[in-house]
Amino acid sequence: MGTAKLTYDGKEYELPVVEGSEGEIAIDVRKLRAQTGLITLDSGYGSTGSCTSAITFINGEEGILRYRGYPIEEIAQNAKFSEVCYLLIYGERANKEELATFTDELTRHTLLHEDMKKFFEGYHPNSHPMAIMASMMSSMATYYPDSDADVDSNIIRLLAKAKTIAAFAYKKSIGQPFIYPQNDLSYPANFLRMMFAVPSEPYTVDPIIEQALNLLLILHADHEQNCSASTMRMVGSSEANLYASTSAAVCALWGPRHGGANQKVIEMLENILADGGDYRDFLNKVKNKEDGVRLMGFGHRVYKNFDPRAQLLKKAADRILDQMGVDDPLLNLAKEMEQAALSEPYFVERNLYPNVDFYSGIIYRAMGIPTEMFTVMFVLGRLPGWIAHWKEMREQPGVRIHRPRQVYTGANLRRWNDDK
Ligand code: CMC
């Protein structure tokens with residue numbers, strides 16, 4: 001692919017150039033320090049490729065997202081979440097038999113070890129469910145020991161039990177008894193039942209809600225080297241186990257700039273509505289950068305034209321709320337704000353568009369999912385992606401521990417005894 005030339009201090013260095021399968025070109029700087037004594041500086045990693053990966057392709061200029069080569073639009077229309085998990089983690093679509101075995105295992109491993117229920121007794125009743133998710137993910141290592149010989153079993157356990165943990169965290173927060181999984185239900189239906197059934201009443205999963213959840217999980221399933229997937233790889237590069245790495249990824253996702261944005265979008269819309277519904281004041285604050293306020297659910301590091309997930313979710317929000325007969329003023333407000341923002345130079349000049357979090361919360365609300373659980377829903381969707389990244393990294397030869405360098409800007413040498 002040729003080389004790139006770097007000239008510094010009167011000397012010229014040649015650096016190899018690598019090309020990805022979709023034409024992404026990168027200068028390979030792995031030997032830069034050894035050859036030149038220089039390092040690169042890229043805080044936020046906007047121009048840094050941290051790895052090569054064959055899982056997900058994004059073209060941010062054209063709004064393209066593909067899992068293992070398949071366009072997100074086709075997957076969203078045709079696939080079940082469990083099929084997407086298999087595809088992302090194992091690289092190819094499962095054949096009939098493989099899918100039957102995988103789905104069966106995912107179902108049978110949904111139950112938690114009985115003693116693990118005791119963990120929930122210790123959490124404060126007002127705990128944020130993301131805190132419970134993070135600690136329960138690493139606690140799984142205490143009950144399901146990790147070994148390299150058993151990676152596939154741990155992958156299944158993690159995927160299967162995460163939804164039980166999520167539902168138990170919710171039940172704990174409202175003081176209701178835990179509902180155990182039921183093996184004849186799909187992945188989304190099983191979760192919905194554990195969330196919303198109560199022992200004293202019959203519960204049937206609404207197929208509209210089941211399909212809506214299937215779609216949401218699929219649209220969140222992977223997004224290449226985002227903050228939480230990179231965290232998963234970073235922690236995994238120290239050879240920390242799958243559960244520990246996932247716990248770290250959950251924590252990374254929690255922040256409002258990442259997965260926590262879905263909760264913040266709804267809180268933002270609710271506040272605007274409570275203040276009379278005039279969003280123009282709010283948009284002015286955003287444009288004037290007052291108190292660092294941002295339009296939550298807008299903007300993306302990679303998408304500079306549109307986020308295909310947001311487009312699918314906007315249509316889905318209309319369809320699902322209509323099917324359910326829900327008239328949510330937040331949906332109208334969100335649409336009006338989107339329209340207004342997209343005609344403002346501030347947003348246009350900075351290529352700020354709605355991202356996946358702008359409309360997802362409105363669908364979760366219609367489904368009866370409480371706002372504090374939104375980011376947990378993101379966890380359930382993103383798990384197969386994290387696992388795929390962890391597994392890919394573990395299987396790549398020659399992966400070194402992730403250990404960036406820095407440009408030190410602190411004090412020069414001073415003597416302890418001189419400062420007396
Ligand atoms: N509202 C107002 N201004 C914004 C926003 C926003 N949502 N996002 C970016 N900007 C401005 C930012 O102030 C900066 O302006 P300037 O050039 O004048 O300094 C410019 O746009 C570039 O922003 P940035 O912070 O350098 O962009 P980034 O790529 O580092 O950050 C982001 C991406 C998603 C963190 C950011 O757009 C953001 O904070 N958005 C709101 C939170 C959000 O919705 N997050 C969900 C992301 S998608 C799902 C996921 O991956 O979790």
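Computed from a predicted structure; not experimentally measured. Order of appearance sets the numbers: ligands from 1, and atoms from 1 within every ligand.
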Mode of [X] contact toward ligand 1 - side chain, backbone, both, neither (heavy atoms, under 4.0 Å):
X: D357; value: side chain
X: K289; value: side chain
X: C227; value: neither
X: R294; value: both

What residue and atom, counting heavy atoms only, is the protein's closest point to [atom], and at what distance?
atom: atom 20 (C) of ligand 1; value: R350 CD, 3.8 Å
atom: atom 1 (N) of ligand 1; value: L295 N, 3.0 Å
atom: atom 41 (C) of ligand 1; value: F298 O, 3.4 Å
atom: atom 34 (C) of ligand 1; value: G299 O, 3.6 Å
atom: atom 29 (O) of ligand 1; value: R301 NE, 2.8 Å
atom: atom 10 (N) of ligand 1; value: L352 CD1, 3.7 Å
atom: atom 45 (N) of ligand 1; value: R257 O, 2.9 Å
atom: atom 51 (O) of ligand 1; value: H258 ND1, 3.3 Å

Look at [X] together with [Y] and state whether they make a salt bridge at an N to O cut-off of under 4.0 Å.
X: R394; Y: E239; answer: no
X: R68; Y: E92; answer: no
X: R30; Y: D28; answer: yes

_Using ring pair (Phe, Tyr, Trp, His ring centres under 6.0 Å), reason through Y67 and F57 one step at a time and then give a plain yes or no._
CA-CA 7 Å; Y67 297 161; F57 171 66; over 10 Å; no
What atoms of ligand 1 come closer than 4.0 angstrom to any heavy atom of [X]?
X: F378; result: 52 (O)
X: Y346; result: 2 (C), 3 (N), 4 (C), 11 (C), 13 (O)
X: V356; result: 49 (C)
X: G297; result: 43 (C), 44 (O)
X: V286; result: 1 (N), 2 (C)
X: A261; result: 43 (C), 44 (O), 45 (N), 46 (C)
X: H300; result: 37 (O), 48 (S)
X: G259; result: 52 (O)

When you measure from the side chain of [X] to the backbone N and O of [Y], does any donor-acceptor pair fall under 3.5 Å?
X: T48; Y: Y45; value: no
X: Y187; Y: K80; value: no
X: N190; Y: Q182; value: yes

_Is it true that H258 and S228 share a donor-acceptor pair across their side chains at a distance under 3.5 Å?_
yes
*asked:* Do R157 and H109 pair up side chain to side chain, a donor and an acceptor below 3.5 Å, judged on atom types alone?
replied: no
*Protein heavy atom under 4.0 Å of atom 6 (C) of ligand 1*: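 At least one protein heavy atom is under 4.0 Å away.
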_Yes or no, since that's all I need: does a protein heavy atom fall within a distance strictly under 4.0 Å of atom 16 (P) of ligand 1?_
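Given the 4.0 Å limit, the answer for atom 16 (P) of ligand 1 is yes, a protein heavy atom qualifies.
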*Specify the closest pair of heavy atoms between L192 and Y203, including all atoms of both residues, with the distance to one decimal.*
O-OH, 3.7 Å
*Passes side chain to side chain donor-acceptor pair (under 3.5 Å), E267 versus T371? Steps please.*
CA-CA 8 Å; E267 289 169 0; T371 315; over 6 Å; no
*Of D222, T231, N226, which meets side-chain hydrogen bond (donor to acceptor under 3.5 Å, both in side chains) against H389?*
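Looking at D222, T231, N226, the match for H389 under the side-chain hydrogen bond (donor to acceptor under 3.5 Å, both in side chains) is D222.
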*When you look at T375 and N262, which way does the side chain to side chain donor-acceptor pair (under 3.5 Å) test go after all the steps?*
CA-CA 7 Å; T375 315; N262 56 13; 3.1 Å; yes
*Could you tell me whether ligand 1 has any atom less than 4.0 Å away from a heavy atom of P256?*
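True for this residue.
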_Walk me through whether K335 and E338 qualify under salt bridge (Lys or Arg N to Asp or Glu O under 4.0 Å)._
CA-CA 5 Å; K335 282 187 190 166; E338 177 190 347; over 6 Å; no
